[in-house]
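The shown structure was predicted, so the numbers you read here are calculated from the model rather than taken from an experiment. Protein chains get the first letters and strands the later ones, always in sequence-line order, with residue 1 at the start of each. All heavy atoms count here, side chains included; hydrogens, waters and symmetry mates do not.
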Amino acid sequence: MARGRVVVSVDRCKGCSLCVEACPQNVLAMDTKVNVKGYTPAVAINPDKCTGCTFCALVCPDVCIEVYREKGGTKNG
Amino acid sequence: MARGRVVVSVDRCKGCSLCVEACPQNVLAMDTKVNVKGYTPAVAINPDKCTGCTFCALVCPDVCIEVYREKGGTKNG
Amino acid sequence: MINEKIIVAGFGGQGVMLMGQLLAYAATNQDLNTLWFPSYGPETRGGTANCQVIISEEDIYSPVFSKCDTAIIMNGPSLDKFESRVAPGGKILINSSLVSREVTRTDIEVIKVPVNEIALELGNLKVANMVMLGAYLEVLKIFSIDDIIKVLKKTFGEGKSHLIDVNREALKIGSKSTK
Amino acid sequence: MINEKIIVAGFGGQGVMLMGQLLAYAATNQDLNTLWFPSYGPETRGGTANCQVIISEEDIYSPVFSKCDTAIIMNGPSLDKFESRVAPGGKILINSSLVSREVTRTDIEVIKVPVNEIALELGNLKVANMVMLGAYLEVLKIFSIDDIIKVLKKTFGEGKSHLIDVNREALKIGSKSTK
Amino acid sequence: MDNLVFERTKGLTKKEFSYCPGCTHGIIHRLVAEVLEELNVLDTAVGVASVGCSVINYEYFDCDMQQAAHGRAPAVATGIKRVNPENTVFTYQGDGDLAAIGTAEIIHAAHRNENISVMFVNNAIFGMTGGQMAPTTLPGQKTTTSQNGRDPYVVGMPIRMSEVLGQIPGAYYVERVSVHNPKHIIKAKKAIKKAFQNQIDGKGFSLVEFISTCPINWRMTPNDSLKWVEDSMIPYYPLGVVKDGDKND
Amino acid sequence: MDNLVFERTKGLTKKEFSYCPGCTHGIIHRLVAEVLEELNVLDTAVGVASVGCSVINYEYFDCDMQQAAHGRAPAVATGIKRVNPENTVFTYQGDGDLAAIGTAEIIHAAHRNENISVMFVNNAIFGMTGGQMAPTTLPGQKTTTSQNGRDPYVVGMPIRMSEVLGQIPGAYYVERVSVHNPKHIIKAKKAIKKAFQNQIDGKGFSLVEFISTCPINWRMTPNDSLKWVEDSMIPYYPLGVVKDGDKND
Amino acid sequence: MAKVLMKGNEAMALAAIKGGVDAFFGYPITPQNEIPEYLSRELPKLGKVFVQAESEVAAINMVYGAGGAGARVLTSSSSPGIALKQEGITYMAGSQIPGVIINVMRGGPGLGGIQPSQADYYQVTRGGGNGDYNCIVLAPENVQEAFDLVKESFDLADYYRNPVMIAADGLIGQMMAPVDIDKETPKLDLPEKDWATTGMKNRRTKENKDVDPNIIVSLSLVDTVLEEMNLVLQKKYTHMRENQQRYELINIEDAEIVIVAYGTSSRICRSAMEILKEEGIKVGMIRPITLWPFPEKAFAEIPESVKGLLTVEMSMGQMIDDVKISNNGKLPVGFYGRCGGVIPEPEEIVNAVKDFLGGLNG
Amino acid sequence: MAKVLMKGNEAMALAAIKGGVDAFFGYPITPQNEIPEYLSRELPKLGKVFVQAESEVAAINMVYGAGGAGARVLTSSSSPGIALKQEGITYMAGSQIPGVIINVMRGGPGLGGIQPSQADYYQVTRGGGNGDYNCIVLAPENVQEAFDLVKESFDLADYYRNPVMIAADGLIGQMMAPVDIDKETPKLDLPEKDWATTGMKNRRTKENKDVDPNIIVSLSLVDTVLEEMNLVLQKKYTHMRENQQRYELINIEDAEIVIVAYGTSSRICRSAMEILKEEGIKVGMIRPITLWPFPEKAFAEIPESVKGLLTVEMSMGQMIDDVKISNNGKLPVGFYGRCGGVIPEPEEIVNAVKDFLGGLNG
Ligand SMILES: Cc1ncc(C[n+]2csc(CCOP(=O)(O)OP(=O)(O)O)c2C)c(N)n1
Ligand SMILES: Cc1ncc(C[n+]2csc(CCOP(=O)(O)OP(=O)(O)O)c2C)c(N)n1
Ligand code: SF4
Ligand code: SF4
Ligand code: SF4
Ligand code: SF4
Ligand code: SF4
Ligand code: SF4
Ligand SMILES: [Mg+2]
Ligand SMILES: [Mg+2]
């Protein structure tokens with residue numbers, strides 16, 4: 001069972017895939033569909049594995065990831 | 001008997017007295033008469049003591065001192 | 001008499017600038033008067049990009065025009081922006097792979113080409129613009145596919161000469177797609 | 001009616017600027033119109049310096065003038081430069097301690113004052129300008145020595161108040177020297 | 001129920017960034033905005049946007065902003081801070097802006113020990129104008145004005161501005177950080193916080209240099225860009241504190 | 001019969017200097033001119049006069065000269081040297097010129113490793129304009145724009161340009177010298193010679209900083225000025241080689 | 001109140017203080033150095049800001065920052081220094097930042113010399129910066145007027161949110177004359193500077209907690225938005241043109257010739273006019289006080305008697321453009337000028353008038 | 001020879017090479033970056049100099065140095081960058097240094113935008129620098145003319161020992177059009193550059209061993225000497241005014257209205273004229289090619305049929321000053337302009353002409 005959860009703001013995403021690379025749990029991948037801006041956004045393909053470590057959010061240059069965690073932690077890294 | 005000799009270009013002199021202070025032999029002093037520019041120029045009051053060491057010429061900002069020496073030496077310090 | 005004003009518009013990465021340039025190069029090769037003018041500036045990155053091309057047998061004066069003869073629309077936002085700029089009786093070519101809504105105007109001819117799908121079939125999404133250009137060649141009827149290939153060879157140089165074949169293929173399929 | 005144009009000129013260190021300013025201050029104190037204008041710039045250092053003063057009961061327009069009523073000449077080069085600038089019938093005051101040549105013009109009044117010698121007698125070469133100013137006061141006949149002293153006190157401030165006496169002395173001797 | 005542990009800072013407006021995909025300008029923006037929020041200075045902050053890709057960041061930071069002429073942000077910030085010392089004033093400048101045309105202004109803001117915080121984003125290129133060589137461009141790096149790679153024989157070796165500024169007595173705090181992975185991003189934020197805290201404490205000129213990416217003009221993918229930061233940029237631009245007045249006391 | 005052992009160098013024209021009595025600009029002029037003569041480059045030399053008291057030194061050096069806008073002499077020299085590399089190109093700049101308005105130009109001439117020789121005359125003041133504070137003015141030093149003495153709390157501590165330039169990879173040789181007595185004058189000349197020899201040898205950017213006097217604006221006698229150089233200037237501006245590419249090889 | 005003998009530069013510096021200046025940023029240059037020198041001494045005593053910048057470029061950008069932050073700001077320089085400020089001035093105009101810029105003009109071009117000149121007329125009235133913008137340009141004729149105009153200029157700048165330039169010259173800056181330093185100058189009703197970047201907390205009220213940031217900017221990447229921004233500026237400029245033309249008409253009734261001259265030139269022309277009057281030649285003068293907006297209105301007041309306009313400048317002819325535009329072909333326009341720092345003498349003007357008149361009659 | 005499709009910026013860069021440029025010094029700015037980019041690649045191949053300067057200020061001073069050393073030198077920039085070059089340009093003019101400065105104009109004021117504009121007319125024709133000086137300003141209408149004028153400009157600069165400016169705009173810079181790159185342009189008989197600072201040995205001959213140094217300078221501290229230097233410049237400017245006015249007259253015979261427009265504006269006006277012709281409205285055009293010297297002579301050729309002049313600019317009205325001066329009150333002068341980077345469409349001009357005509361007739 002996942003200890004964390006990420007919410008990607010799909011239409012803000014520019015498909016840079018920095019979050020995909022940064023995620024230690026391989027939770028994320030790039031979608032195949034394009035968003036309103038014409039980019040293929042990040043999507044959680046393995047949501048169960050998410051630990052809520054916030055790495056993806058830390059590296060996202062477009063601030064389009066929100067992270068939730070079961071127990072509270074330091075906010076924004 | 002002097003081993004050196006200085007020639008001050010009186011009308012170029014601005015009377016700053018740097019040469020007077022720099023001369024180790026107290027050869028030079030400031031004149032009491034003014035030159036064409038209104039300055040009191042440097043004058044050799046003890047020409048006999050001059051060693052031709054060129055210190056006065058080295059410090060003169062207006063390049064108005066020529067130095068002669070009995071035997072040749074390094075030119076311009 | 002040839003006197004064609006074209007707008008090409010799409011996302012930054014779709015190669016719309018190149019499409020316009022290829023037309024201008026081809027026109028130059030045939031001693032036609034031509035003029036290519038890009039939207040330039042930071043908006044091009046990420047956002048939308050467009051260029052305007054004029055091809056004419058006469059002297060070209062104003063480099064800008066309020067109405068074009070043909071608009072080549074590679075994505076949704078570009079349709080919103082340029083639909084109204086097509087002269088009555090003009091044509092609009094639409095990348096139906098990415099443009100979901102319909103053209104609302106009824107006084108212009110609409111040509112839909114699913115260029116992304118076609119390009120994917122060709123195994124290279126990057127040639128989507130060539131598919132569309134092929135379609136436009138068919139509409140414009142001034143330049144042949146070989147005219148464009150000739151220009152492409154020059155543009156690509158040695159380095160990318162291996163890409164010529166897939167581009168030719170894309171142009172061909174595109175030109176057939178309008179039928 | 002008062003309407004006096006003065007040129008004061010000499011070496012950089014002779015205090016010619018101050019001479020002119022003292023006159024302008026004195027004029028201001030008496031609600032006369034006045035104007036002081038210096039030669040400015042690098043030439044002042046080392047080289048010659050001069051200033052122009054206008055004192056008038058009427059409005060002063062042009063700050064520059066081709067001919068002055070009086071020239072106060074503190075050194076040789078200044079005589080060369082300004083002799084021709086004195087209006088016919090005007091006056092020229094000359095520091096005969098430093099100016100060796102004679103004034104060539106015959107249409108102006110020449111007043112010679114050996115100001116350096118007088119100042120040296122007073123034990124302070126720096127007041128040579130005050131000796132000359134004293135002489136000029138006698139010529140101008142608008143300001144008294146006290147008028148100038150009043151201004152000097154303000155200019156010097158606390159720091160240099162001990163110098164007032166020797167300056168007064170210089171002004172006095174100067175004013176007598178023209179007789 | 002799970003808690004929101006990472007959310008968009010109030011220091012940023014809702015506006016989407018105009019940066020290219022994967023450009024780390026965005027990360028740096030977020031960090032600065034978070035610090036402004038956390039230090040509770042959004043209400044007193046006045047930012048100075050410079051000329052470069054970040055030119056319109058006055059639309060992103062949720063505080064008062066001025067847009068400065070190319071290179072002159074430190075002078076503009078000087079003007080703001082001197083007349084309203086109670087404001088928290090910062091500049092956000094690229095390497096073209098700070099290390100080329102704005103060299104004199106940054107050096108003299110440091111020289112006068114202006115009590116401001118400078119965010120210096122070094123991506124070794126003129127991003128906005130389409131990828132020309134910058135004074136910070138690495139040897140061999142290809143740009144539109146060094147198409148065969150920067151040739152140190154012709155144009156010298158790149159300038160390390162933090163080290164240069166370290167020689168200015170008036171510079172209180174200078175640190176170089178990077179944002180190429182989460183660990184360094186956290187470090188970078190600490191440096192930013194320190195640069196702002198110094199200002200609040202009246203300590204004077206503080207500058208954080210960020211090694212940043214320009215995937216578009218480097219002609220690399222965003223992830224390759226981060227790798228290039230690690231492999232090529234950091235070896236030439238060593239990370240760490242160049243100068244810290246706290247440690248010289 | 002005695003020999004002439006010290007005579008006016010052919011590197012100088014006959015024109016009298018316009019400097020104030022005792023101003024050491026004159027000594028530095030003579031040294032530069034002697035070096036030009038001794039290295040036999042008067043015929044290929046192109047000097048760049050800057051804006052400051054030495055602005056009209058194009059009348060004093062007996063070689064081709066250009067007069068540059070305030071602070072821009074290094075850029076002007078760059079232009080000259082790049083198009084005619086066979087010329088021996090030097091600038092002569094004051095501290096207001098080089099360390100204030102011309103900061104960017106000197107730093108980037110060094111950055112590009114321009115093969116020129118820079119004569120930098122630091123007298124801790126804006127001489128020509130009547131003695132305003134310079135970035136090099138010492139703490140407590142009274143000037144017309146720091147009438148109670150320079151207050152480091154308000155305007156920072158003075159900048160040491162040679163040390164700053166020492167941080168630029170492209171700077172090949174940087175040395176600070178003084179001309180306050182015969183011994184140092186002789187040393188200074190050696191430094192000048194080295195700066196020009198480097199250029200002739202194609203080694204690149206060389207700069208000699210001279211601690212110089214401004215008796216007029218310091219409000220001191222010429223001799224007291226020399227003493228002040230020794231007592232106050234040199235302790236803050238240490239003499240010696242800051243950087244020498246020959247020793248880093 | 002008794003007058004005080006002051007140098008023009010010092011009078012302008014004092015006027016700035018009386019005009020409520022909060023901060024000065026500048027860089028030394030002859031012949032205006034007494035302004036920063038005076039203010040470096042006096043402003044700190046008043047708790048105000050004096051910063052000697054590293055260059056004119058930095059100085060004008062400090063003015064931009066401080067002006068944008070709501071302060072009353074002054075900078076001063078002379079000709080080549082003003083050339084360096086051009087980018088900053090166009091930024092100020094584009095971002096609507098008030099501020100006062102004094103130019104104590106000297107001979108040009110290039111480094112030129114340090115003697116008085118009026119050869120920066122183009123530079124100050126046509127803007128040397130890019131784009132469509134204008135500064136109000138005030139040209140004092142003497143030390144008193146320099147004092148008055150500088151004092152008033154801060155209100156004008158704030159009123160219009162626009163830079164105001166003072167076009168003085170080395171003569172006005174360097175000469176001493178008695179000045180009434182308590183003279184009242186016109187005051188304007190000024191709005192709050194609610195646009196200034198002083199931090200959002202200063203604009204937060206109990207009623208309105210949700211405030212937007214203030215942004216000082218001259219940029220828009222969207223051409224139509226930038227055009228809108230320009231039209232806002234143009235509206236101000238039109239208001240200035242209609243309301244701020246200032247000039248003095250001197251003896252123009254039944255004049256044969258009207259001289260057009262400003263600043264130091266007009267003073268010298270006044271002396272020439274006295275000489276000409278004695279010789280029975282009727283000469284009047286239009287003296288522009290605002291160089292921008294140029295006092296076109298004055299030209300409507302020229303009487304029938306006038307046969308020609310003689311423009312006199314301490315330059316090779318720059319204001320003459322505006323004279324020609326204002327005159328619009330009605331009368332012959334002549335020119336007399338000196339340059340490079342040479343100050344014409346009244347006698348030269350007398351001769352120039354006679355020559356011009358001769359040419360018209362002959 | 002077949003034409004080559006080129007971007008305007010690249011065509012100007014190539015033209016510089018064909019014009020014999022020895023060195024380029026510049027600093028990036030949109031929309032002219034293709035010029036330095038092209039030259040950074042091509043000049044080194046030819047053994048020539050390309051230096052990217054640290055700023056526009058540095059770039060123009062490098063131009064000063066290299067031009068003074070006898071080289072053919074180019075710099076290019078866009079509006080705010082040109083503002084920064086003003087001091088350097090007045091130095092070049094004052095010291096009589098040849099050089100070519102391309103301004104690819106964009107919207108202003110301040111940072112403005114990057115879209116095409118003509119709002120730097122004042123900046124380029126009135127000089128934003130100090131003092132009395134002028135640059136020849138050439139305004140191409142299309143890519144071919146941009147190529148031709150840039151190529152020729154190096155000769156002009158050398159002939160007059162004066163800076164020459166090219167006033168292009170973002171549209172000319174960014175668009176592609178076919179260019180005849182082998183076109184011959186006028187050549188001038190050029191004197192030796194015996195004034196250049198190339199070292200004294202280059203001027204020493206067997207006959208003349210005792211040569212004086214060459215000095216490049218705009219300074220004189222003696223006002224009368226500086227005036228002399230100015231008069232030398234003025235003589236050149238008079239020569240330019242007499243010999244270098246360039247313009248094109250289009251359909252002015254029996255026109256009712258004459259448009260005055262240059263560069264991109266004039267191209268758009270040509271399209272408008274075609275539309276108007278079809279509607280039976282007779283419109284001609286004066287197209288200035290030199291903005292300085294402004295082609296006053298063209299206005300003498302306006303036929304009786306003309307009722308008014310309509311100035312069209314991509315600015316809020318700057319060239320209109322020169323139109324008014326040249327027209328000298330003879331005809332009503334109207335204006336139509338867009339700004340901030342907005343390019344007017346032919347239809348707008350058509351309407352503007354009709355409105356103007358209506359106003360004249362009504
Ligand atoms: C005076 C002036 N010169 C040049 C420019 C053009 N310009 C805009 S951004 C830029 C460089 C930006 O590079 P950098 O500061 O490194 O920022 P980046 O885009 O890389 O983040 C330049 C030269 C300008 N706007 N103004
Ligand atoms: C653009 C510009 N700004 C200012 C000046 C005025 N100015 C002339 S010399 C000088 C300073 C000179 O100081 P420095 O370089 O230290 O030389 P010094 O006179 O002390 O030898 C200044 C500011 C100028 N001529 N041009
Ligand atoms: S929070 Fe951590 S584990 Fe979850 S998706 Fe993001 S990086 Fe992966
Ligand atoms: S890092 Fe952000 S912008 Fe990039 S792909 Fe992930 S969610 Fe999208
Ligand atoms: S040469 Fe030496 S000893 Fe002779 S006067 Fe000069 S300093 Fe004195
Ligand atoms: S050092 Fe030179 S200028 Fe000074 S007093 Fe001696 S001789 Fe005269
Ligand atoms: S051009 Fe480079 S620096 Fe600019 S937004 Fe794109 S990636 Fe970032
Ligand atoms: S002002 Fe100072 S630096 Fe200038 S010449 Fe005089 S003493 Fe020398
Ligand atoms: Mg960058
Ligand atoms: Mg100095």
Side-chain angles (χ1 to χ4, degrees), chain B residues 1-25 27-31 34-42 44 47-48 50-77, chain F residues 1-35 37-38 53-54 60 121 123 178-190 193 212-216 220-227 229:
Chain B
M1 181 42 215
R3 285 173 293 142
R5 181 166 64 87
V6 291
V7 179
V8 177
S9 173
V10 171
D11 283 344
R12 276 187 177 265
C13 173
K14 291 184 185 151
C16 70
S17 90
L18 291 190
C19 56
V20 174
E21 192 87 353
C23 173
Q25 313 297 331
V27 173
L28 298 162
M30 301 316 293
D31 209 339
V34 296
N35 67 6
V36 286
K37 290 206 285 267
Y39 299 118
T40 54
D48 287 359
C50 179
T51 61
C53 70
T54 77
F55 277 18
C56 54
L58 281 171
V59 299
C60 175
D62 286 280
V63 204
C64 31
I65 302 181
E66 274 181 357
V67 184
Y68 295 82
R69 210 186 292 150
E70 265 181 19
K71 285 195 196 93
T74 336
K75 210 191 106 188
N76 288 13
Chain F
M1 259 267 318
D2 49 7
N3 301 323
L4 186 54
V5 289
F6 192 106
E7 68 177 321
R8 191 178 176 87
T9 164
K10 290 195 182 55
L12 291 173
T13 62
K14 304 227 153 50
K15 185 115 192 187
E16 288 181 21
F17 294 151
S18 60
Y19 306 110
C20 305
C23 172
T24 49
H25 261 306
I27 300 177
I28 301 164
H29 278 44
R30 176 178 61 76
L31 297 179
V32 171
E34 285 176 0
V35 167
E37 185 189 7
E38 290 165 24
C53 282
S54 58
Y60 308 141
V121 180
N123 58 8
S178 176
V179 292
H180 66 288
N181 66 30
K183 189 182 105 201
H184 279 95
I185 291 171
I186 290 165
K187 268 200 183 168
K189 184 165 168 186
K190 286 206 182 105
K193 210 163 211 165
S212 188
T213 65
C214 180
I216 281 288
M220 293 178 195
T221 66
N223 277 311
D224 287 350
S225 300
L226 297 185
K227 224 180 126 26
V229 164

Enquirer: CG of B:Leu18 to CG of F:Asn181: how many Å apart, nearest 0.5 Å?
Expert: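 Here the interatomic distance stands at 11.5 Å.
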Enquirer: Contact part of B:Arg12 toward chain F, heavy-atom cut-off under 4.5 Å: side chain, backbone, both or neither?
Expert: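 For B:Arg12, heavy atoms of backbone and side chain both lie under 4.5 Å from chain F.
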Enquirer: Between F:Ile28 and chain B, with a heavy-atom cut-off of 4.5 Å, which part of the residue counts as in contact: side chain, backbone, both or neither?
Expert: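 When you check distances to chain B, no heavy atom of F:Ile28 falls under 4.5 Å.
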Enquirer: Between F:Leu226 and chain B, with a heavy-atom cut-off of 4.5 Å, which part of the residue counts as in contact: side chain, backbone, both or neither?
Expert: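 The side chain, not the backbone.
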Enquirer: Report the distance from atom CG of B:Asp62 to atom CZ of F:Arg30, rounding to the nearest 0.5 Å.
Expert: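 Result: 11.0 Å between the selected atoms.
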Enquirer: Find the distance between CZ (B:Phe55) and NZ (F:Lys183) and round it off to the nearest 0.5 Å.
Expert: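 Rounded to the nearest 0.5 Å, the CZ-NZ separation comes out at 10.5 Å.
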Enquirer: I want to check something: taking the side chain as every heavy atom from C-beta on, are F:Ile27 and B:Pro61 in contact at a cut-off of under 4.5 Å?
Expert: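 With C-beta onward as the side chain, the pair touches.
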Enquirer: Any idea which heavy atoms bring F:Pro21 and B:Cys16 closest together, and the distance?
Expert: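 Minimum heavy-atom contact is C-CB, 3.7 Å.
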Enquirer: Given that the side chain runs from C-beta out, which part of B:Cys60 has a heavy atom under 4.5 Å from chain F: side chain, backbone, both or neither?
Expert: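 For B:Cys60, the backbone is the part near chain F, not the side chain.
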Enquirer: Quick check for you: among F:Ser225, F:Cys23, F:Pro215, which has the greatest number of heavy-atom pairs under 4.5 Å with chain B?
Expert: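 Among F:Ser225, F:Cys23, F:Pro215, the one with the most close pairs to chain B is F:Cys23.
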Enquirer: Under the criterion side chain to side chain contact (heavy atoms under 4.5 Å, CB included), which of F:Asp2, F:Asn3, F:Leu4, F:Val5 is the partner of B:Arg69?
Expert: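 Passing option: F:Val5.
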Enquirer: For side chain to side chain contact (heavy atoms under 4.5 Å, CB included), just list the numbers for B:Glu21 and F:Lys227, CA-CA rounded to whole Å, side-chain angles, deciding distance to a tenth of an Å, and then say yes or no.
Expert: CA-CA 11 Å; B:Glu21 192 87 353; F:Lys227 224 180 126 26; over 6 Å; no
Enquirer: From F:Ile186 CD1 over to B:Thr54 OG1, what is the distance, rounded to the nearest 0.5 angstrom?
Expert: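 Taking CD1 in F:Ile186 and OG1 in B:Thr54, the distance rounds to 6.5 Å.
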